[in-house]
Every structure is written in structure tokens, then in C-alpha cells.
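Residue numbers start from 1 in every chain, and the chains themselves are labelled A, B, ... in the order their sequence lines are given, proteins ahead of strands.
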Amino acid sequence: MTQQDDRLLTSLGDNEDSAIVRFPAGKALVQTLDFFTPIVNDPYWFGQIAAANALSDVYAMGGLPYTAMNIVCFPIKKFPKEILREILHGGMDKIREAGAVLAGGHSVEDEETKYGLSVTGIVDPDHFASNKGLRAGDHLLLTKPIGTGVLATGLKADWEGSEKFEEILYRWAGMLNAAGGEVIRELDLIGATDVTGFGLGGHLLEMARASKVDVVLRLGDIPFIPEAVELAGMGMIPAGSFANKKFCASLVEIFPQCDPLLVDLVFDAQTSGGLLLGVPEAKVARAVEILEQHGALAAYVGDVVVFDPDRGSLRLHP
Amino acid sequence: MSTRILECQGLPCPQPVLRCKDCIESDPGTEMVILVDNDAACENVTRFLGVKKYEVVSTEKDGDTWKLTARPSSTFTLDDDASAETNEFSQPRDKGTKTLVFIASPVIGEGDDVLGGKLMQNFVSVLPELGSDLWRIILLNGGVKLAITGSPVLDKLQALEKNGVSILVCGTCLEFFTILDQKQVGETTNMLDVVTSMQLADKVLSM
């Protein structure tokens with residue numbers, strides 16, 4: 001299958017029950033798992049997106065992906081095997097791009113296709129980023145645009161322009177968050193997360209709560225995917241995104257003049273979204289430089305401010 | 001023209017929107033009654049109809065079901081595929097005067113607090129007379145005591161809230177009187193909401 005990787009002490013070709021992995025001394029493990037149902041029609045790209053999404057959790061902590069295992073559910077009697085092969089191929093390409101090694105996997109027959117990875121990364125135990133690392137004064141940088149949940153809903157509805165939506169999803173949801181991870185490591189950032197199911201607002205609120213700070217998001221500075229804004233206006237907001245907004249409502253302060261449509265998009269559930277980084281002002285210039293070098297966005301979407309018990313933890317400005 | 005009834009209960013988003021789209025495409029200009037069972041669908045359908053130049057003339061909630069009645073608005077045209085260009089998201093919901101009632105004491109006026117308390121009781125009881133103009137009630141300082149267990153107007157305020165009147169209760173004040181856990185009506189609020197509410201209101205009645 002693939003050439004034997006130094007990290008693996010067992011061989012994939014020998015049908016072992018488990019993989020034995022050599023691990024560098026003095027490092028800590030980052031362990032994560034994520035899988036979901038197809039959000040695009042092309043199986044190869046679905047594989048890439050699902051893998052990029054699972055690998056993202058490691059990058060968000062400032063880790064480097066080390067090994068990955070496939071998680072597969074597939075209706076083998078209903079669909080040709082080629083489709084499964086394409087999905088796995090897409091996943092494999094992302095694992096390689098991330099510099100990790102495939103260590104195995106597990107598949108079950110299921111009514112509905114699902115794919116993802118269990119990823120193990122390595123991180124320096126004294127230097128990693130987490131939800132609780134935001135500090136007042138940090139700039140909030142976002143590395144991918146917002147709106148993939150709405151786009152996926154439009155695609156599911158086969159709305160006019162679906163091909164374009166799919167291309168945008170390939171480009172952004174299929175992109176690794178490696179650049180953001182590099183920023184965390186090089187600049188020793190301590191506050192970061194990746195933007196996924198709870199939406200930009202939900203994840204940022206989690207960080208604010210964990211860090212005991214308040215945060216301000218400026219709608220005008222958030223890179224919304226234009227097609228997603230248009231679709232949202234046509235009623236293509238998934239129920240999950242509404243649920244996010246409702247769940248967070250008591251902790252959110254929405255300034256007048258905020259476009260309600262953009263407020264909804266702040267809570268749009270993202271698939272394989274970007275990293276949200278808390279960057280001290282002195283490190284912002286270098287962070288932007290690294291991100292832009294790698295083709296990621298470096299959108300300065302808001303600020304971290306001191307906690308005020310009388311105000312909403314997340315404040316949305318126009 | 002006949003009315004089409006779209007039963008969209010149990011359908012996940014964006015199915016209800018697609019049903020409306022099909023209906024408008026197959027029978028342009030028809031009146032529609034759309035039944036949905038979650039607020040996401042309600043919101044999405046309302047937005048979609050707005051873009052399609054439809055007016056939702058009424059939204060009724062019965063148990064778990066919303067009933068949206070929609071008809072083409074005066075600007076409706078049969079061929080408007082370029083509708084995506086027009087953004088009509090933020091239509092005001094009610095056309096009446098938005099009246100805000102600001103209550104900063106459990107009693108009305110000075111002189112005698114027993115009398116003042118009775119007057120307040122009367123005042124709140126008669127507030128429904130403002131009809132749909134009554135938009136929001138804000139309770140501050142001693143006024144928050146009207147929202148707690150044992151308040152003589154609690155049932156009146158609860159009835160108003162049930163009828164769609166927004167009631168905001170100052171969190172700082174509830175904490176000050178250490179009655180935060182006794183609040184029985186309204187949403188806990190902060191000064192920013194109070195100031196913003198005053199800005200948004202067409203009329204503020206300050207007690």
C-alpha cells in the first residue's frame with residue numbers, strides 16, 4: 001500500500017489488529033476524532049473535506065498531526081466500491097499533505113455514508129493553545145471565510161448556482177488549517193480554536209467563557225462568503241445554525257444597526273472552518289504574514305476585552 | 001384566486017423553503033398558507049417569501065405549529081428572477097407605535113406607599129389597553145420587585161408577556177436586592193439593552 005513509515009512499528013500490510021507507534025520523548029499527545037455525512041457530491045472531495053476537518057482540531061491546539069485512522073460507514077450494497085475508494089483517496093491525500101501517517105481504521109456497513117478520522121498529533125506539553133487562552137487586548141484573527149453551513153444547505157437543496165457553491169466548499173472546507181497551526185507554534189499563542197459546528201459566534205463565546213474575558217466581533221470585518229449571504233437571505237439557513245443562535249442568545253449583545261442576516265451567519269454551523277486565533281498586538285504583523293504566505297485569510301474580525309459582569313460576553317458590532 | 005396549503009410539519013430545513021419555491025413557480029401569484037413546526041423553518045420561509053415579493057400577512061402559533069399566511073405584495077411581478085439583488089430582510093414587523101413603559105419603582109408617585117402600590121397595581125392591570133402598541137416594559141431599581149414571587153401584578157405581567165410584550169428586568173437591581181432567583185417573569189437585562197430599547201422605541205412612558 002504505502003511505503004513503511006518510520007513512525008509505525010507495525011505494518012499496515014500485515015493485517016495487525018492495532019498499530020504500534022514510536023513516539024518522540026518529552027512530547028504530549030493531541031487526540032481527536034470527527035466524522036460526518038457527505039456535504040458535497042464528489043466523493044474524492046468529500047474525503048478531503050472530512051479529513052481536513054478532523055485534522056483541524058490538532059492544528060487548533062498548536063499540534064502537528066502524527067498518525068490518523070480512518071472511520072468509515074458505507075452502504076456497500078447500495079453504492080459501488082469505487083465511491084468508497086475515492087473517499088478514502090481524498091482522505092489519504094490530506095493525511096499526507098498534513099505530514100501524518102495512516103495507521104489503520106475501521107469500517108461498518110451503514111445506510112448512510114459517513115467518513116472521518118481519528119487523529120493523533122504531537123504537541124509540546126508546555127506550549128499549546130486552547131479555549132482558555134484569550135487575553136484582553138488580543139486581536140481575533142480568522143483564517144477562513146464564514147458561510148459553509150449555508151452553502152452546504154443550498155447544495156443539498158440543489159439551488160441555482162450549486163456548482164459554484166461546491167467549488168467554494170472544495171476550496172475552503174478542503175483546506176488544511178496548517179498555516180494557522182504554524183502561527184500558534186511560531187508565535188507561541190495560547191488562545192485558539194477551530195470554527196466548526198457551533199459557528200463563529202458559538203466557538204468564540206466558548207473561548208470567552210473559558211478565558212473569563214468578553215469579546216467583540218465586528219460584522220463588517222468578518223469575511224462572509226457572498227454566495228452564503230445571498231442564500232441566507234433566501235431562507236437557506238440550516239436549523240442547526242438557528243439553534244446555535246438561540247443557545248447563545250442570553251450571552252450575546254447585539255448592537256443596533258447589525259444586519260440580522262449577518263448575525264444569523266455568525267452562528268452558521270461551519271464544516272471544516274478556519275482557525276480563530278487570539279493574537280497579542282505585538283505579534284499580529286508576523287501572524288498575518290505567515291497566514292497570507294500560505295494562502296489563508298488573516299481577517300481581523302474583533303477584539304478581546306476585559307470581562308464585564310453587566311454586559312454580554314459576546315458583543316456584535318455592525 | 002385559490003389558496004394553496006403547504007403542510008411542512010416534520011420537514012427539515014431547507015425543505016419548507018423548497019416547497020414554497022415549487023408552489024410559487026408552478027402557480028405564480030397564488031396565496032399560500034404554510035404550516036411549519038419549528039422557528040428555524042418559520043424564519044427561513046418568511047425570508048424567502050420576502051425576497052420573492054410575498055407578504056406574510058399573518059403568523060399564528062398554535063401549539064407546536066406556526067401558520068404563515070402569505071400573499072403577493074403590491075410589488076410582486078411574475079418574472080423576477082433577479083430578485084437576489086434586492087435585499088428586503090429587515091421589514092418592521094408591526095406597523096403601530098412602539099411604546100416602551102419604563103418602571104423604576106414598585107409604587108406610583110410619592111405621598112403614601114400603600115396608595116402608590118395600589119396605583120401601580122391598577123396601572124399594570126390597565127396596560128393591555130395600549131393594545132399592540134405596547135412593545136416593551138423595562139423594570140429597574142425597586143420596579144424589579146414587580147417581577148418576583150408574591151408581586152401583586154405578577155399574573156398581569158405574565159399575561160402581557162404571553163401576549164408578546166417583551167419584559168426586561170434589570171439584573172444589577174435583582175442582584176442588589178438579592179432576589180435574582182425569585183424572578184418569575186421577563187428576561188434579565190443590562191443597561192445597554194435599556195438604552196438601546198429607549199432608542200428603538202417610538203414613545204417612552206416613564207413611571
Side-chain angles (χ1 to χ4, degrees), chain A residues 149-162 164-165 214 216 226-247 249-265 267-269 308-313 315-318, chain B residues 8 11-22 25 34 36-52 54 56 68 81-93 170-176 187-201:
Chain A
V150 170
L151 283 187
T153 308
L155 187 59
K156 211 183 274 176
D158 202 17
W159 205 260
E160 299 102 287
S162 280
K164 181 81 190 290
F165 307 156
D214 289 345
V216 171
E227 286 79 0
V229 178
E230 199 173 295
L231 273 175
M234 303 284 273
M236 284 291 132
I237 297 180
S241 302
F242 275 107
N244 284 341
K245 189 175 84 166
K246 217 169 162 181
F247 182 76
S250 65
L251 296 169
V252 181
E253 220 175 274
I254 301 171
F255 278 59
Q257 289 101 37
C258 282
D259 183 339
L261 198 67
L262 298 185
V263 172
D264 282 353
L265 279 167
F267 293 98
D268 183 36
D308 178 345
D310 293 331
R311 303 197 54 183
S313 290
R315 299 175 207 146
L316 300 181
H317 289 202
Chain B
C8 302
L11 295 181
C13 284
Q15 297 302 326
V17 166
L18 294 179
R19 294 279 298 273
C20 295
K21 181 169 179 266
D22 288 346
E25 280 169 5
I34 305 115
V36 295
D37 61 4
N38 65 84
D39 51 358
C42 183
E43 184 102 358
N44 273 330
V45 163
T46 305
R47 275 194 182 143
F48 173 75
L49 293 172
V51 174
K52 288 292 173 190
Y54 262 69
V56 177
L68 306 172
D81 251 336
S83 58
E85 297 300 319
T86 56
N87 293 351
E88 296 188 6
F89 321 123
S90 51
Q91 300 155 329
R93 280 203 190 118
C170 165
T172 312
C173 311
L174 288 169
E175 268 174 49
F176 180 84
E187 280 177 68
T188 309
T189 192
N190 55 47
M191 203 46 90
L192 182 79
D193 280 340
V194 173
V195 172
T196 312
S197 301
M198 289 180 152
Q199 187 187 22
L200 291 176

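By the salt bridge (Lys or Arg N to Asp or Glu O under 4.0 Å) test, B:Asp39 pairs with A:Lys246, sequence neighbours left out.
A:Met236 has its side chain within reach of B:Val17: a pair of non-hydrogen atoms, C-beta onward, lies under 4.5 Å apart.
Of the atoms belonging to A:Asp158, not a single heavy atom falls under 4.5 Å from chain B.
Between chain B and the residues A:Ile237, A:Leu231, A:Thr153, the most heavy-atom pairs under 4.5 angstrom are made by A:Ile237.
In terms of heavy-atom proximity, B:Gln199 sits nearest to A:Pro256 at OE1-CG, 3.8 Å. Scanning both residues, A:Ala157 and B:Leu18, for their nearest heavy atoms gives CB-CD1, 3.6 Å.
Evaluation of the salt bridge (charged side-chain N to carboxylate O under 4.0 Å, His left out) test over residues 235-244 of chain A, restricted to residues two or more places apart or in two chains, returns none.
B:Cys13 SG to A:Lys156 NZ: the interatomic distance, rounded to the nearest 0.5 Å, is 10.5 Å. Taking CE of B:Met191 as the start and CZ of A:Arg311 as the end, the distance is 12.0 Å to the nearest 0.5 Å.
Within 6.0 Å of NZ in A:Lys245 there are more than 12 heavy atoms belonging to other residues, nucleotides or ligands. Counting non-hydrogen atoms of neighbouring residues, nucleotides and ligands closer than 6.0 angstrom, the CZ atom of A:Phe247 reaches no more than 12 such neighbours.
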